[in-house]
Amino acid sequence: MIRVFAGLVAISMLAGCALSEDVATVKYVPTKAEVVADAKPVGLTVVDARTSDRNRISAKINGFGTEMAAIRSDKDVPAIVTDAFKTELEARGFHVQAGGRPITVSVNQFYNQYGAGVFSGTATADVNLTVAVGNGSGAPAFSQTYAGTAKKTILMANGSNAAETVASALNDALAKMFADPAFVATLTGKASPVVATPAAAGSPTS
């Protein structure tokens, strides 16, 4: 009986006020970075490849795991990615300025999915980014897609937990990107052209 009661309490806490929308701030935590030798100026453009409800980063759930009210970011997702990407570039010596080697980042997926459990829930976030680096003549010198993921156990399916998890997934995607020697070498102008077929994009709003 006590276990049943405890389970009902946990479900109630997890759901919270599942019918009202929540707005959250995504706070990006930078990766560890070292200055890259021969780093050159770059230009940065971030575009949103998702097609609908673009500031929706998650949804609350009821005690049965059904999605309810939306959780939205208080800032446009491309702006979040731009700030995070610029932070990572500058930390490595790639100063962002007009006329630099052009970088275009497409946001394919930026979403946290809640799941319900007996005594707690889960938050699982996926961030999918396609980056293309130009060669100065309009043709891509490099193109690749990087997927970041993050998962945590939660007691409440609210905005702050969703924001924290997508921020961690963004960190994971950018860490993988800057750990790719072909990508970094292309930014310095030393690499041979590398063009990869982008991985399949996720759902526009998930």
Side-chain angles (χ1 to χ4, degrees), residues 10-31 44-89 103-117 120-132 144-178 198-206:
I11 289 173
S12 177
M13 289 180 61
L14 179 65
C17 188
L19 297 178
S20 62
E21 290 196 0
D22 203 353
V23 177
T25 300
V26 178
K27 300 177 181 178
Y28 180 73
V29 178
T31 65
L44 177 61
T45 302
V46 177
V47 297
D48 200 338
R50 301 169 304 151
T51 57
S52 63
D53 215 356
R54 290 175 169 174
N55 69 335
R56 182 176 182 263
I57 61 170
S58 188
K60 295 181 178 181
I61 59 172
N62 61 20
F64 302 101
T66 304
E67 286 196 348
M68 303 294 285
I71 296 173
R72 305 184 185 280
S73 169
D74 63 357
K75 190 175 183 179
D76 288 342
V77 169
I80 295 171
V81 175
T82 296
D83 290 344
F85 207 110
K86 184 175 180 180
T87 296
E88 299 293 350
L89 287 167
I103 302 173
T104 301
V105 181
S106 298
V107 182
N108 305 314
Q109 191 173 22
F110 195 95
Y111 198 77
N112 171 75
Q113 182 72 51
Y114 280 122
S120 63
T122 57
T124 305
D126 294 285
V127 171
N128 185 289
L129 306 173
T130 297
V131 60
Q144 186 59 276
T145 296
Y146 301 89
T149 60
K151 185 173 183 178
K152 63 178 289 188
T153 300
I154 51 97
L155 293 177
M156 295 190 69
N158 57 14
S160 60
N161 280 326
E164 180 180 341
T165 312
V166 292
S168 295
L170 176 57
N171 176 285
D172 186 44
L174 292 181
K176 291 174 180 176
M177 187 183 299
F178 283 97
S203 172
T205 58
S206 61

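Values below: all heavy atoms of this structure, side chains included; hydrogens, waters and symmetry mates excluded.
The shortest side-chain heavy-atom distance between Val26 and Leu170 does not fall under the 4.5 Å cut-off. The closest side-chain heavy-atom distance from Thr149 to Thr124 is not below 4.5 Å. The shortest distance between side-chain heavy atoms of Tyr146 and Val127 does not fall below 4.5 Å. Residues Leu129 and Leu174 meet the side-chain proximity criterion, which asks for heavy atoms closer than 4.5 Å. The closest side-chain heavy-atom distance from Gln113 to Glu67 is below 4.5 Å.
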Check residues 80-88 and write down every donor-acceptor pair under 3.5 Å in which the side-chain atom is one partner and the other belongs to a residue at least two apart or another chain.
from	atom 1	to	atom 2	distance (Å)
Thr82	OG1	Pro78	O	2.7
Asp83	OD2	Lys75	NZ	2.3
Thr87	OG1	Asp83	O	2.9
Glu88	OE1	Thr31	OG1	2.7
Glu88	OE1	Arg92	NH1	2.7
Glu88	OE2	Tyr28	OH	2.5
Glu88	OE2	Thr31	N	2.8
Glu88	OE2	Thr31	OG1	3.3

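Lys176 places no side-chain N or O within donor-acceptor distance of the main-chain N or O of Gly148, the cut-off being under 3.5 Å. At distances below 3.5 Å, not a single donor-acceptor pair connects side-chain atoms of Lys27 with backbone N or O atoms of Ala167. Looking only at distances, a side-chain donor or acceptor of Asn161 sits under 3.5 Å from a matching main-chain atom of Met156.
Under the rule for a salt bridge (charged side-chain N to carboxylate O under 4.0 Å, His left out), Asp22 has no partner lying at least two apart in sequence or in another chain. Residues forming a side-chain contact (heavy atoms from CB on, under 4.5 Å) with Ala162 (at least two apart in sequence, or on another chain): Ser58, Ile71, Asn112, Tyr114. Residues satisfying the salt bridge (charged side-chain N to carboxylate O under 4.0 Å, His left out) test with Lys152, not counting sequence neighbours, are Glu164. Qualifying side-chain contact (heavy atoms from CB on, under 4.5 Å) partners for Thr153, counting only residues two or more places apart in sequence or in other chains: Ser120. Checked against salt bridge (charged side-chain N to carboxylate O under 4.0 Å, His left out), Asp74 has no partners two or more places apart in sequence or in another chain.
In plain terms, the two heavy atoms of Ile61 and Gly115 that are nearest each other are CD1-C, 3.9 Å. Nearest heavy atoms, Arg56 versus Ala70: NE-CB, 3.8 Å. When all heavy atoms are compared, the tightest approach of Ala24 to Gly159 is CB-O, 3.3 Å. Heavy-atom minimum distance, Ser106 versus Ala49: CB-CB, 4.4 Å. Summarising the geometry of Ser73 relative to Ile57, their closest heavy-atom pair is CB-CG2, 4.0 Å, with the distance given to 0.1 Å. The two residues Phe110 and Arg50 come nearest to each other via the heavy atoms O-NH1, 4.0 Å.
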